[in-house]
Amino acid sequence: MNNLAIKKQFVIGLLVFLLIVLAIIVMILRSRISTTGTTPDGNTPTTVPITAVPANAPLEIVSFQSDAATGTLLPNSIIEVSLNRAFVSNEVQIGISPDIQTNQTIEGTAIYISPQTNWTIGTAYTFSVTAGGQTTDYELRTVETQTAGSQGVNTRPEGAYEESLAFQLQNHPDSFLTNQTPFATDRFSIISQYIEQPTGHFAFAVTLNGDEAEARTYFRVWLESLGLSATQIDELDITYQTSP
């Protein structure tokens, strides 16, 4: 009898020990679930991607680019303006100078701009993009020789081109001047190129022929004849060299 009593006590003690161990394991598992999968009130938290942008967030321009090299357009290039969230058409306004008829298509968080005919070869266009109450200007110049007949029909209202040039002359003199280049006389010649850094703008290289001082005077008189003011001329990025 004594042996049987001892065996019963041993079995009971073993069962109690196992129950205690099991209870501890269950408590540990519950503790881990509570700290990683639930909120303090016991509800499963809602996961919000860190990249999500609320629909009412201020609209911002993320990027502006064409399908050509930086700072340029091909005759039939499509321009992509990406923003930080989805938007409706009246939230974004795009002005183009010189004026040209375009198609604008919204897809997701981007708007795509394509010309109804072609971008004019050698023309520098200023794109004024307004989003979220802020307006940012971008400048692109059309490159590559245009094939005959690819100009298309001019659908711009009468006088619109002149108004656009006047806008460029007043607000973007470098874009205005680059539309007059390349240009050459027996006194000087001028070419332009787009410079991306430190801020995007058009820079000009002028070659002076004959007497340098006299050639500079002729060049400045030509700039003034285009309508550029003395202040605008002085602020242009111009480098000079003399012909051999």
Side-chain angles (χ1 to χ4, degrees), residues 61 63-81 94-102 113-115 117-130 134-146 151 156 160-185 187-209 212 215-243:
I61 301 169
S63 65
F64 179 98
Q65 58 187 0
S66 75
D67 54 8
T70 302
T72 65
L73 288 169
L74 296 175
N76 60 349
S77 279
I78 297 176
I79 298 167
E80 177 184 357
V81 183
I94 299 176
I96 305 175
S97 179
D99 180 63
I100 184 173
Q101 296 297 309
T102 62
I113 307 168
S114 59
T117 54
N118 270 338
W119 305 108
T120 303
I121 292 295
T123 299
Y125 290 95
T126 299
F127 298 83
S128 299
V129 183
T130 301
Q134 300 293 323
T135 300
T136 306
D137 290 342
Y138 302 90
E139 295 180 348
L140 300 174
R141 181 170 183 170
T142 313
V143 297
E144 190 175 294
T145 303
Q146 187 172 0
Q151 178 77 16
R156 294 175 294 187
Y161 182 75
E162 289 74 14
E163 291 179 3
S164 297
L165 286 181
F167 173 83
Q168 280 194 330
L169 175 60
Q170 180 178 357
N171 298 282
H172 303 282
D174 62 322
S175 295
F176 172 82
L177 181 56
T178 201
N179 284 328
Q180 318 301 321
T181 65
F183 181 80
T185 71
R187 299 286 185 171
F188 67 87
S189 61
I190 178 174
I191 58 174
S192 65
Q193 64 174 332
Y194 185 78
I195 304 295
E196 187 175 2
Q197 299 294 339
T199 57
H201 68 284
F202 288 98
F204 304 91
V206 176
T207 301
L208 304 173
N209 302 321
E212 181 176 350
R216 277 179 179 262
T217 299
Y218 273 95
F219 173 63
R220 194 172 184 93
V221 168
W222 175 72
L223 292 178
E224 292 174 349
S225 72
L226 297 175
L228 291 164
S229 68
T231 300
Q232 288 176 318
I233 294 171
D234 292 339
E235 292 176 349
L236 292 171
D237 184 356
I238 302 175
T239 57
Y240 296 91
Q241 63 181 9
T242 57
S243 59

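Just so you know, residue 1 is the first one in the sequence shown, and it goes up from there.
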*Anything under 30° is parallel, anything over 60° is perpendicular, the rest tilted; go ahead and classify Phe167 against His172.*
tilted
What distance separates [X] [atom1] from [Y] [atom2], expressed to the nearest 0.5 Å?
X: Ile190; Y: Phe204; atom1: CD1; atom2: CZ; value: 6.0 Å
X: Glu212; Y: Arg187; atom1: CD; atom2: CZ; value: 13.5 Å
X: Thr72; Y: Trp119; atom1: OG1; atom2: CH2; value: 12.5 Å
X: Thr217; Y: Leu208; atom1: OG1; atom2: CG; value: 10.0 Å
X: Ser243; Y: Asn209; atom1: OG; atom2: CG; value: 4.0 Å
X: Leu177; Y: Leu223; atom1: CG; atom2: CG; value: 6.0 Å

_Check: Tyr138 ring centroid to Phe64 ring centroid under 6.0 Å_ = yes
*Please find out if less than 6.0 Å separates the ring center of Tyr218 from that of Phe188.*
no
Does a donor on one side chain sit under 3.5 Å from an acceptor on the other, for [X] and [Y]?
X: Ser77; Y: Ser66; answer: no
X: Ser175; Y: Glu139; answer: yes
X: Thr126; Y: Asp137; answer: no
X: Arg141; Y: Thr123; answer: no

Which heavy atom of [X] sits nearest a heavy atom of [Y], and at what distance?
X: Ile100; Y: Asn118; result: CD1-O, 3.4 Å
X: Thr242; Y: Thr207; result: C-CG2, 4.4 Å
X: Thr135; Y: Ser128; result: CG2-CB, 4.2 Å
X: Ile233; Y: Leu228; result: CG1-CB, 3.9 Å
X: Ala124; Y: Gln168; result: O-NE2, 3.1 Å
X: Val81; Y: Ile94; result: CG2-CD1, 4.5 Å

*Are there more than 12 heavy atoms of other residues, nucleotides or ligands under 6.0 Å from atom CD of Gln134?*
no
_With a sphere of 6.0 Å drawn around CD of Gln170, does it hold more than 12 non-hydrogen atoms of other residues, nucleotides or ligands?_
no
[X] versus [Y]: any side-chain heavy-atom pair under 4.5 Å?
X: Ile78; Y: Ile113; value: no
X: Thr185; Y: Trp222; value: no
X: Leu73; Y: Ile79; value: yes

*Expected output: side-chain Gln232 to main-chain Ser229 donor-acceptor under 3.5 Å*: yes
*Could you point out which residue of Asp237, Thr181, Asp174 forms a side chain to side chain donor-acceptor pair (under 3.5 Å) with Ser192?*
Thr181
*Identify the residue among Asp99, Thr142, Asn179 that makes a side-chain contact (heavy atoms from CB on, under 4.5 Å) with Tyr125.*
Thr142
*Examine Arg216 relative to Tyr240 and say whether NZ or CZ is less than 6.0 Å from the centre of the six-membered ring and inside a 45° cone about the ring axis.*
yes
*asked:* The test is side-chain contact (heavy atoms from CB on, under 4.5 Å); show your working for Phe202 and Leu236 and say whether it passes.
replied: CA-CA 8 Å; Phe202 288 98; Leu236 292 171; over 6 Å; no
